[in-house]
Amino acid sequence: MAVTPVLEPCGDAAHPDCGIRDVLDRIGDKWSVLVIVELASGVRRFRELQRAIDGISQRMLTLTVRRLERDGLVSRTVYPTVPAQVTYELTERGNSLTMLVKQLADWSAEHKDAIGASRELYDHQNPDHQIR
C-alpha cells in the first residue's frame, strides 16, 4: 500500500510545493481560465478575445495572454500587415488543460446552487463576518 508523502509548507524556492503553487496561481486565476476557455474553441484575435470575455480590460487581457504565452500555454502570431494583425491560440500544453478546465466548469455548474445556499446559511448564522 503506497502512502502519499505529506509536504511541509513551502518556505523556499527549492521546496517541491513551490512550483505547484506557482503554476496553480497562474492557471487558477479568473482571467486565465476564461482566456483558456475561449481559446479552446480556436484561434482568436485580441479584440475577439476582449469582446468574448465580459469585464476584462485591455490591459488585463494583455497581461493575461503575455503570462500564458510566457508559460507556454498560448502562442501569439503577428502577421506583417498594416495595422499588424495578432492572433492567439492554445499550444499543445494549453490544449491539455481544456479537459481539466471543462471538468472544473462542469463541477461548478453542478454545485453552484448548493454553494450559494451554503453561503446564505453561513451569512445568516454569522451576520458580523467580513468574509466574501
Side-chain angles (χ1 to χ4, degrees):
M1 177 166 132
V3 176
T4 304
V6 175
L7 294 176
E8 295 298 319
C10 181
D12 63 76
H15 191 280
D17 185 37
C18 289
I20 296 168
R21 190 172 305 181
D22 181 50
V23 171
L24 289 175
D25 285 346
R26 170 73 69 241
I27 63 172
D29 80 73
K30 160 171 105 170
W31 299 121
S32 292
V33 169
L34 294 174
V35 168
I36 290 167
V37 166
E38 185 58 31
L39 290 177
S41 300
V43 178
R44 296 287 185 269
R45 293 175 67 173
F46 186 88
R47 293 288 179 223
E48 290 175 316
L49 279 173
Q50 191 173 18
R51 282 191 297 269
I53 302 171
D54 188 42
I56 194 167
S57 68
Q58 180 174 337
R59 181 179 185 288
M60 185 52 66
L61 180 56
T62 298
L63 286 172
T64 301
V65 293
R66 283 183 186 166
R67 288 171 179 156
L68 292 171
E69 181 181 12
R70 180 175 179 248
D71 290 345
L73 301 173
V74 168
S75 66
R76 177 180 183 261
T77 305
V78 180
Y79 297 93
T81 59
V82 178
Q85 179 182 343
V86 180
T87 60
Y88 299 90
E89 64 184 310
L90 292 176
T91 62
E92 186 175 331
R93 186 177 310 139
N95 270 315
S96 70
L97 264 178
T98 59
M99 182 59 77
L100 297 171
V101 170
K102 182 179 180 338
Q103 288 175 339
L104 182 58
D106 290 346
W107 182 91
S108 298
E110 181 181 337
H111 296 281
K112 70 178 182 173
D113 292 338
I115 289 171
S118 293
R119 288 176 179 172
E120 285 181 27
L121 177 61
Y122 183 92
D123 293 348
H124 179 73
Q125 292 173 342
N126 303 279
D128 296 330
H129 75 84
Q130 299 297 316
I131 301 169
R132 292 285 170 233

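For reference, positions follow the sequence shown, starting with 1. All of these numbers come straight from a predicted model, not from anything done at the bench.
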Let me confirm one number: the [atom1]-[atom2] distance from [X] to [Y], rounded to the nearest 0.5 Å.
X	Y	atom1	atom2	value
Glu89	Thr77	CD	OG1	5.5 Å
Ile115	Trp107	CD1	CH2	4.0 Å
Arg76	Thr87	CZ	OG1	9.5 Å
Leu68	Ser75	CG	OG	11.5 Å
Arg51	Arg45	CZ	CZ	8.5 Å
Glu92	Leu73	CD	CG	12.0 Å

Do [X] and [Y] share a hydrophobic cluster (ILVMFWY, side-chain heavy atoms under 4.5 Å, transitive)?
X	Y	value
Val101	Leu24	yes
Val78	Val35	yes
Leu100	Leu39	yes

Heavy-atom closest pair, residues His129 and Asp123
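Distance-wise, the nearest heavy atoms are NE2-OD1, 2.6 Å.
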
If you take all heavy atoms of Thr91 and Gly72, which pair is closest and at what distance?
OG1-O, 2.6 Å

Please name all residues satisfying side-chain hydrogen bond (donor to acceptor under 3.5 Å, both in side chains) with Asn126, sequence neighbours left out, ordered by chain then number.
none

Return the set of residues passing side-chain hydrogen bond (donor to acceptor under 3.5 Å, both in side chains) with Ser32 (not counting sequence neighbours), or none when no residue passes.
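Asp29.
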
Please report, to 0.1 Å, the donor-acceptor pairs under 3.5 Å made by any side chain of residues 57-67, with sequence neighbours excluded.
unit_1: Ser57; atom_1: OG; unit_2: Met60; atom_2: N; d: 3.0
unit_1: Thr62; atom_1: OG1; unit_2: Gln58; atom_2: O; d: 2.9
unit_1: Thr64; atom_1: OG1; unit_2: Met60; atom_2: O; d: 2.7

Measure up the Tyr88 and Phe46 rings against each other and bin them: parallel (under 30°), tilted (30 to 60°), perpendicular (over 60°).
tilted

Assess the residue pair Val74 and Leu90 against the criterion (side-chain contact (heavy atoms from CB on, under 4.5 Å)); give the C-alpha distance rounded to whole Å, side-chain angles, the decisive distance to 0.1 Å, and a yes or no.
CA-CA 4 Å; Val74 168; Leu90 292 176; 4.1 Å; yes

Given salt bridge (charged side-chain N to carboxylate O under 4.0 Å, His left out), test Lys102 with Asp106 step by step and report yes or no.
CA-CA 6 Å; Lys102 182 179 180 338; Asp106 290 346; 2.8 Å; yes

If you count heavy atoms of other groups shown closer than 6.0 angstrom to NE2 of His124, is the number above 12?
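At most 12 heavy atoms, drawn from other residues, nucleotides or ligands, come within 6.0 Å of this atom.
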
